[in-house]
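The block underneath contains the structure these notes are about, expressed in C-alpha cells.
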Amino acid sequence: MLERIHVIICGGEACSKQEAKDIKREFDRLLEQEGLTDEAKTVMTGCMGLCEYHPVVVMYPGEVFYQNITVEAVATIIEEHIKHGRIVEQYRIPEPFDRGKIKNISQLKFYKMQKRIALRNCGVINPLDISEYIARDGYFALAKVLREMDPKTVIDTMKQSGLRGRGGGGFPTGLKWEFAAKSVDDVKYVICNADEGDPGAFMDRAVLEGDPHSVLEAMAICGYAIGAHQGYIYVRAEYPVAVERLEIAIRQARELQILGRNILGSHFDFDIELRLGAGAFVCGEETALIASIEGERGMPRNKPPFPAVRGLWGRPTNVNNVETFANVPVIFMKGADWFKNVGTEKSSGTKVFALGGKIMNTGLIEIPMGTTLREAIYDIGGGIPNKRKFKAVQTGGPSGGCITEKYLDTPIDFDNLVELGSMMGSGGMIVMDEDNCMVDVARFYLDFTVEESCGKCTPCREGTKRMLDILNRICEGKGTEEDLDVLERLGKMIQESSLCGLGQTAPNPVLSTLKHFRSEYEAHVYDKVCPAGVCAKLTTFTITEDCIGCTKCARNCPVGAIHGKVKELHHIDPALCIHCGACKVACPVNAISTKPVMKEEHAHV
Amino acid sequence: MKSIEDLIKLRDSARKNINMRLNPGSIRIQIGMGTCGIAAGAKHVYQKFQEEIREHNLKNIILTPVGCMGECAFEPLVEILESNGNHTIYCQVSERVVEDIVEEHIIGGAPIEKYFLSAIKR
C-alpha cells in the first residue's frame, strides 16, 4: 500500500520524545477516525536539525514544514492539508533551507527517501581495498551459502525474494537461475552483463566503480547455485575506471582465495574473467552478448533455445545484469522475506535510477519500488531548474517512452511503467521541461537506435531508418498528414516483427510521444511551428526587450538579417532569416526568443 | 583464506578503518572517485589532500577514494568522518578548498559551513 501523503514527525531530542509521540498518536487516531489511513501515513524520524522550531512536522510530497505543532493543531492540519490540500500558513516555517545553521537538511532530503541496497557500499568503501568490503560483511553471504545451503535452497531463496532482472526486462532472477540449474551439463557459465548502453544511464558503472566485489560475490553464489565454475563480466571498454577496479578486485579476491579453487575451505571452485566489449548497444541483448564473447559479430539470434539451455559455447549459461547481482548478497544476509518486504508486491526491492535532463540534482538515486515518479523527481531530484514547467519524463532510454504530468503519481514498478507505454529499462530517467520539443526528443532516441541496429533483421534495419526519415521531414517542416499515420503503422509493425528487444522496443519513444503529445506533432505538420522553439526550421527568431544592443547577434548572423544600433534594441528581418540559430548562441543575455509568435499570425502567413 | 573464521578475523580488524567510532582520534576522508568525480577533478583533490597531509605531518588520517556518492551534479564530493560520529559532506571541492578544509576542519576542528553540500544546494 502506498499512501498519497506522508507525515514525517521529528522525534529528535529537542522535540521531546513524549511530545512527538503524542502528536503521532493524535495523527494516527484522527486519520483512523476520518478513514484516511489508506491515504496518509505517519513516520517518526530522528532529529531533522530544525530544533528551534520544535516540535516539527513535515508533509510529503511538497515538503511543507510545520513548526511548534501541538496536539490540538493536528486536527487543523488533517482538515486543511490532508483533506483539502491547503497549506496551513499559521504553522508553516517559511524558508527553512535559507538558514545556514540547518546543517544537513539537503543531504537529508536527498538521502532520506532513498533506500540503498544495490548501492549500499557505493561512496562508503574504498573499492580498491577488499578488506573494506569485508569490513561491511562482504563475502559473508558467499560463506553462508557455501557452508549452510545446498544449490536448491539458494535458488528457492532467490525465488522467494521476488528479485526481478534490473537490466530492463524484469524477468524473475530465481526462475532464471532455476532454468540454468536444471540444464544438465558438466560445464556451465555465469555472465554478468555490464554492457550498459542507454544514453544517460550510468548506474551499472557506479556499482562496478564503487563496489566491484558485490558483483563478484553474487556471481560466485550464482555459480554455486547453477553448477558453474567460470564467470565472465562483459564490460564496455568505454568504462576504463570500472575495468581497472574490476581487475584489481578480481586479483585481490584470488589472493585471498575467495575466487579460485576450494573457496573458503569448501569444495567449490569458481573464477571470473573480464571480457571487454566495443560498446555496441545491441550487445546488451544476451544472445548478442554471448556471440560477442565467443569472438563472433555481436548479433542476436532466435530464442529458444534460451541461454539457460544453450548459451556460451553451446553450454548452459546464466546472464544477469550488474545491478541484479549487486542485490544478491543482501538477500542472503538479510533474508528473502526482508527483501520481499521492500518495494511493492510484484516488484520487490529497490531500483537505481540515473536522474538527468532538466532536473536540479543530476545524479544517482536508489528508491524502493512503489515510490512515485513525483517523489523521485521533485522530492529527491529537487524539481526543475529555472522555474520551468514540467513536461514529461522519459524512462527506459531508447526502448522506453515518455510519461506525462498526469501520471506522475503512479508508483514506479515494472508493470506500471509498461502500462503507461514506457518501461523500467535499465534505469535512465530523463526529465524534460517546456523547452524540450517532443518530436525532437523522439528523433534523438530513434537516431540512436538506427545507429545501433545490428542490421540482421529487416524490420529493425530498414523500418527504424524510414521512421527517422519521416521524423526528419516533420522537423524540417515538410511533414504531411499522412506521415503521422505511417509513423504509427510502421512503428507497430517493427514492434511485432523484429528479432530482438532492440527492434521490438525501438519505436516506443515515437509511439509514446505520438500518443501523449500528438498536438505537438500536429503543430509541426499543419501549422509548421515548433511550439518549444527547438526545431530551427520551424522557429521564428525574435529579439525581446532584454536586448542590450551589444551587436553580437548582428555580427554573427551569416546573412546580415539583424539590424540595430549599438545599445539599442535589435531586430531580425524574417524575410532574410535562414533559421540557423547563430544569434541565439551569440546572445549574452538570452534575448533571442524562439517561442512561436501568436498562432493566428501564422495562420495568415 | 581457508574458512569463515579467517573471514571474520579480517572483517573485525578492517572495521576500524571504516567505522571511525572504533578508531578514536582518527579521521577518515573519503573522496568520491567514480567516473563522475574524476571528470570533475577529484584526482587533483585527492593529490592535494595527500600533499597537505604530508606538509602538516598529520597522523591518524585515512584518505581513501570511494565510488559515486549519487550527487553527481555537485562533484567533486568529499566526506569527512570523525570518531565522534560527525559526518560532513563538502561539495564542488577545489584544490584551494582542500587547503581550507585541512587547516580549519581537520586541524582546527571547525567545519566550514559555506562549502557544505547543504549550503551550496540552496
Side-chain angles (χ1 to χ4, degrees), chain A residues 97-98 100-111 114 116 119 121-132 134-140 143-144 146-147 202 205-211 239-242 245 256-258 262 264-265 354-355 359-366 382, chain B residues 1-19 22 28-39 42-43 62-75 77-79 81 86-91 111-122:
Chain A
F97 300 119
D98 281 353
K101 54 174 94 151
I102 296 158
K103 285 184 188 167
N104 292 324
I105 197 79
S106 301
Q107 295 161 23
L108 213 87
K109 194 163 99 113
F110 184 77
Y111 291 113
Q114 299 196 44
R116 300 198 143 207
L119 297 179
N121 290 327
C122 275
V124 177
I125 62 163
N126 179 353
L128 305 173
D129 184 355
I130 191 172
S131 72
E132 295 209 349
I134 293 172
R136 301 257 303 171
D137 292 328
Y139 289 113
F140 275 80
K144 184 175 168 188
L146 292 179
R147 179 182 271 205
F202 49 89
R205 190 189 71 200
V207 171
L208 295 174
E209 286 175 357
D211 192 16
Y239 283 178
V241 179
R245 291 185 186 170
L256 289 183
Q257 289 169 295
I258 288 170
N262 298 332
L264 294 167
L355 283 182
I359 191 148
M360 292 295 280
N361 300 347
T362 310
L364 209 60
I365 62 168
E366 180 169 354
Chain B
M1 250 186 301
K2 292 269 176 266
S3 66
I4 194 165
E5 285 70 33
D6 295 342
L7 200 60
I8 291 171
K9 232 180 276 169
L10 180 56
R11 176 187 68 188
D12 294 345
S13 74
R15 269 190 175 157
K16 68 175 196 321
N17 292 335
I18 297 239
N19 189 344
L22 304 176
R28 180 174 162 103
I29 306 172
Q30 300 182 163
I31 322 273
M33 286 177 83
T35 292
C36 41
I38 293 172
K43 274 192 176 160
I62 299 169
L63 175 67
T64 178
V66 295
C68 172
M69 296 165 67
E71 292 265 32
C72 309
F74 302 91
E75 299 270 14
L77 292 167
V78 171
E79 184 163 8
L81 287 79
N86 278 351
H87 288 214
T88 315
I89 302 182
Y90 290 109
C91 71
I112 315 166
E113 295 190 4
K114 65 178 171 180
Y115 302 134
F116 281 5
L117 181 57
S118 44
I120 292 188
K121 269 176 87 169
R122 278 284 161 170

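Just so we're on the same page: letters track the sequence lines, and every chain starts at 1. Here the structure is a predicted model, which is why all the values come from computation and not from measurement.
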Taking every non-hydrogen pair under 4.5 Å, which of [options] racks up the most with chain A?
options                   : value
B:Leu10, B:Leu81, B:Asn19 : B:Leu10
B:Gly37, B:Pro65, B:Ala73 : B:Pro65
B:Met69, B:Arg28, B:Met1  : B:Met1
B:Ile31, B:Ile8, B:Ile62  : B:Ile8
B:Gly70, B:Ala14, B:Cys68 : B:Gly70

**Message:** Under 4.5 Å from any heavy atom of chain A, what part of B:Leu7 do you find: side chain, backbone, both or neither?
**Reply:**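 For B:Leu7, backbone and side chain are both near chain A.
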
**Request:** Pick out which of B:Thr35, B:Val66, B:Ile38 makes a side chain to side chain contact (heavy atoms under 4.5 Å, CB included) with A:Glu209.
**Result:**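 Only one of B:Thr35, B:Val66, B:Ile38 forms a side chain to side chain contact (heavy atoms under 4.5 Å, CB included) with A:Glu209, namely B:Thr35.
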
Do [X] and [Y] have side chains that get closer than 4.5 Å, going by heavy atoms?
X        : Y        : value
B:Ser3   : A:Leu264 : no
A:Asp137 : B:Arg15  : yes
A:Asn126 : B:Asn17  : no
B:Cys72  : A:Phe202 : yes

**Asked** Using 4.0 Å as the upper bound for N to carboxylate O, is an ion pair formed by A:Glu132 and B:Lys16?
**Response**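 Result for this pair is no, no salt bridge flagged.
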
**Asked** Rounded to the nearest 0.5 Å, how far does CD1 of A:Ile125 lie from OG1 of B:Thr64?
**Response** 9.0 Å

**Asked** Where does A:Ile258 contact chain B at under 4.5 Å (heavy atoms): side chain, backbone, both or neither?
**Response**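 Contact with chain B involves the side chain of A:Ile258 alone.
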
**Message:** Does A:Phe140 form a side chain to side chain contact (heavy atoms under 4.5 Å, CB included) with B:Arg11? I'd like the steps, not just the answer.
**Reply:** CA-CA 10 Å; A:Phe140 275 80; B:Arg11 176 187 68 188; 3.7 Å; yes

**chain B contacts, top residue of A:Lys144, A:Glu366, A:Gln257 (heavy-atom pairs, under 4.5 Å)** = A:Gln257

**Fill in**
Highest number of heavy-atom pairs under 4.5 Å with chain B among A:Val124, A:Ile365, A:Leu355, A:Asn121 belongs to A:Val124

**Contacts of type salt bridge (Lys or Arg N to Asp or Glu O under 4.0 Å), residue A:Arg136, not counting sequence neighbours** =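 Not a single residue meets the salt bridge (Lys or Arg N to Asp or Glu O under 4.0 Å) criterion with A:Arg136.
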
**Asked** Do side-chain atoms of B:Gln30 reach the backbone of A:Gly123 as a donor and acceptor pair under 3.5 angstrom?
**Response**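 Yes, the answer is positive, given that a donor and an acceptor are paired below the 3.5 Å cut-off.
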
**Message:** Assess the residue pair B:Phe74 and A:Thr362 against the criterion (side chain to side chain contact (heavy atoms under 4.5 Å, CB included)); give the C-alpha distance rounded to whole Å, side-chain angles, the decisive distance to 0.1 Å, and a yes or no.
**Reply:** CA-CA 9 Å; B:Phe74 302 91; A:Thr362 310; over 6 Å; no

